[in-house]
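One structure is given below, encoded as structure tokens.
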Protein chains: 2
Amino acid sequence: MTARLASPKSADMATAAIQTSSHVLELAHPLPLDGGQSLDGVRISYETYGQLNADKSNAVLICHALTGDQHVASPHPITGKPGWWIRMVGPGLPIDTDRFFVICANVLGSCMGSTGPASMAADGQPYGMRFPVITIRDMVRGHVALLDALGIATLHAVVGGSMGGMQALSLAANWPQRARAVLVIASTARHSAQNIAFHEVGRQAIMADPKWQGGDYYGAGKGPEAGLAVARMAAHITYLSEEGMHEKFGRRLQNRTAKTFGFDADFQIESYLRHQGLSFTDRFDANSYLYITRAMDYFDLAEEHGGRLADAFAGSDARFCLVSFDTDWLYPTSESRTIAHALNAAGAPVSFVELSAPFGHDSFLLDVPALDRVIAGFLGQ
Amino acid sequence: MTARLASPKSADMATAAIQTSSHVLELAHPLPLDGGQSLDGVRISYETYGQLNADKSNAVLICHALTGDQHVASPHPITGKPGWWIRMVGPGLPIDTDRFFVICANVLGSCMGSTGPASMAADGQPYGMRFPVITIRDMVRGHVALLDALGIATLHAVVGGSMGGMQALSLAANWPQRARAVLVIASTARHSAQNIAFHEVGRQAIMADPKWQGGDYYGAGKGPEAGLAVARMAAHITYLSEEGMHEKFGRRLQNRTAKTFGFDADFQIESYLRHQGLSFTDRFDANSYLYITRAMDYFDLAEEHGGRLADAFAGSDARFCLVSFDTDWLYPTSESRTIAHALNAAGAPVSFVELSAPFGHDSFLLDVPALDRVIAGFLGQ
């Protein structure tokens, strides 16, 4: 296992060589949704890395987070930035594309090619708020349809951090035969009141922006960028740890030696948050933000299974690995522990580790070598 | 001490009998400000309770929090709600108006009668964003001017929670002869990066509202109410503990038995936050919110005193009491501990207690009988 670990530098070199393949699947049948509706003409944009083996047993599905996308290890087409998990996915990396056929699909409701509120409805106009409210399970229905189309009966593993972990859990609970291993990082089996509260602030910020126009802003110049930026800023605070923020920014001033006694971004943390908010609006659709946060807030895996989380995993033969981070206050370790207890109660094989990392919730995306080792070890079994 | 403690019921009865006296002081001289400017014609609205004794030795100054006001134990003139600390201030209550002459002044920059951005400038137009950026020390300069006008050389005590605690610390540090006792509850000696981050989200939400109009919204119908409501919602999350929010709201639905698969406030926490945001706009001025949050973000008592917090208290003969709450994640116990260590280093007498209460930062305003006992005991010495 150790030989397979890569430093960030070798990860960059590996990325240069990685073969990416981009696809769009249009579903032949309407996709049934938890809300009771079904959705026609669903398109799923996805990328693959590596080769599917002859018996189709080496597929690893990576599920992305709220504002993530299918570009897990390929440059983002809008920002040009490297894929969001290049440190993890590539030849010789923990999710080894020399060995595994890696799939990453843009979730239903998002805005990077899969069907979402910005997509055209049957009348040739964007859905906007006519798009149905979807759930995490609906997103996973889309993933399962993709696996069907690819002829993959059972994944070697499903892997996800944050909202990606919710999808992995939902797949394990609702399609227990579709994955032999389930890796859930920095995630939760249900959204807490505080989680919902932060999302509601973001949604209200978007909806309060007059440019939102009830969601009908497509083609009308700029959308609710100011509201979306505020939503992103509020959320971004929850992705960082207090300690990490203190280490990184403290009370340091931004390109100045004294306070200005004005409302400019005097402090580095202000400048950083403003940048995070503004740059986000270049690559993300405000309505998608509404729909995906709603799906996350609705997520309660126990509730879907009669109120007892262990029952969600009753039909599973998969092995599980749960990872939390000690500085993650969005989905703290206690949430992973709850899942571990439920898996124990269900008799499922589970390993659970809390890793120490200073970056808060975002640790799953950042340089935490111990996470590399856990992932490589779990997938390599 | 025990006999003086009152249940909420007796607090209500006490309130019925409390004598309130409302005043406005207009300063005869310009108020110098930390930003280098000075402010002419400053008005300070304040309330008093109880009687000042002959040697003017029984005055207790209560400093209010960010969105608080002088109506500490009298009904709010806009909302009609009881004063914000009626459980603490009144005859026979911990801050005993039979014994103490209690003063509470609306802070400079606020909107309840003291001079702030909504006040008229010399040209007869509201200041708006022409109002100078002020600091916590500037607010305290206003308080000191009020004490001068009242002929009070030395307070029996200065008391404050949250931003009120910052004012109490600033008074102790910069006017060390003006208070014999300093009681600081759920506060901090400086705003952290995370504290600044949350305030910046609120400011950006206000400034992103087109009705803000660069701060020139007075007399132009409704101001930036949507932005101010979002700011309040984001801040409100920080005032509650995660546990308290879970206890109070959990994932319970609001007046419905099933999710609506829409964007209504399905969850109680959503409904509660929306109400908090909207009702706040009835009583608070958005520009005041900008200025006061800025003052809090600028607050760094050590920085004002050469970088060493202990030096801030070098000239003080006061005795100090610090109170934190175990579920307060806005100004956690570690912040109070830092102050206690600095006071120890300065040789000041200090007692410090962390109280257990489920309400998070807001605990200082709520039913925490142990806080009543601490305050009564400290002031009664």
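Note that the structure is predicted; figures quoted are calculated from it, not measured. Letters go in sequence order (proteins before strands), and every chain restarts at 1. Reckoned from all heavy atoms, side chains included, excluding hydrogens, waters and symmetry mates.
Of the two parts of A:Leu290, the backbone and the side chain both hold a non-hydrogen atom closer than 4.5 Å to a non-hydrogen atom of chain B. With a 4.5 angstrom heavy-atom cutoff, A:Tyr298 touches chain B via backbone and side-chain atoms both. Only the side chain of A:Thr135 comes within less than 4.5 Å of a heavy atom of chain B; its backbone N, CA, C and O stay farther away. With a 4.5 angstrom heavy-atom cutoff, B:Asn195 does not touch chain A via any of its atoms. For B:Arg252, no part lies under 4.5 angstrom from a heavy atom of chain A. For B:Tyr291, the parts lying near chain A are the backbone and the side chain together; criterion is any non-hydrogen pair under 4.5 Å.
Ranked by heavy-atom pairs shorter than 4.5 Å toward chain B, the options A:Ala226, A:Gly277, A:Ala197, A:Gly36 are led by A:Ala197. The residue among A:Phe263, A:Phe249, A:Phe267 with the most heavy atom pairs within less than 4.5 Å of chain B is A:Phe263. Per-residue heavy-atom pair counts under 4.5 Å with chain B were compared for A:Arg274, A:Glu242, A:His236, A:Met207, and the maximum is reached by A:Arg274. Chain B forms the most heavy-atom pairs under 4.5 Å with one residue out of A:Lys248, A:Gln204, A:Glu225, and that residue is A:Gln204.
Considering only residues two or more places apart in sequence or on other chains, B:His191 meets the ring-ring contact (aromatic ring centres under 6.0 Å, His included) condition with B:His199, B:Tyr331.
Surrounding NE2 of A:His246 are at most 12 heavy atoms belonging to other residues, nucleotides or ligands under 6.0 Å away.
Residues A:Glu270 and B:Arg203 are paired through a salt bridge, judged by an N-O separation under 4.0 Å between the basic side chain and the carboxylate. Of the charged side-chain nitrogens involved, at least one lies within less than 4.0 Å of a carboxylate oxygen, so that A:Lys259 and B:Glu303 count as a salt-bridged pair. In this structure, A:Arg190 does not pair ionically with A:Glu335, as no charged nitrogen and carboxylate oxygen lie closer than 4.0 Å.
At a threshold of 4.5 Å between non-hydrogen side-chain atoms, the residues B:Met163 and B:Met139 count as touching. Proximity of B:Thr67 to B:Tyr289: side-chain heavy atoms (C-beta onward) are separated by under 4.5 Å at one or more points.
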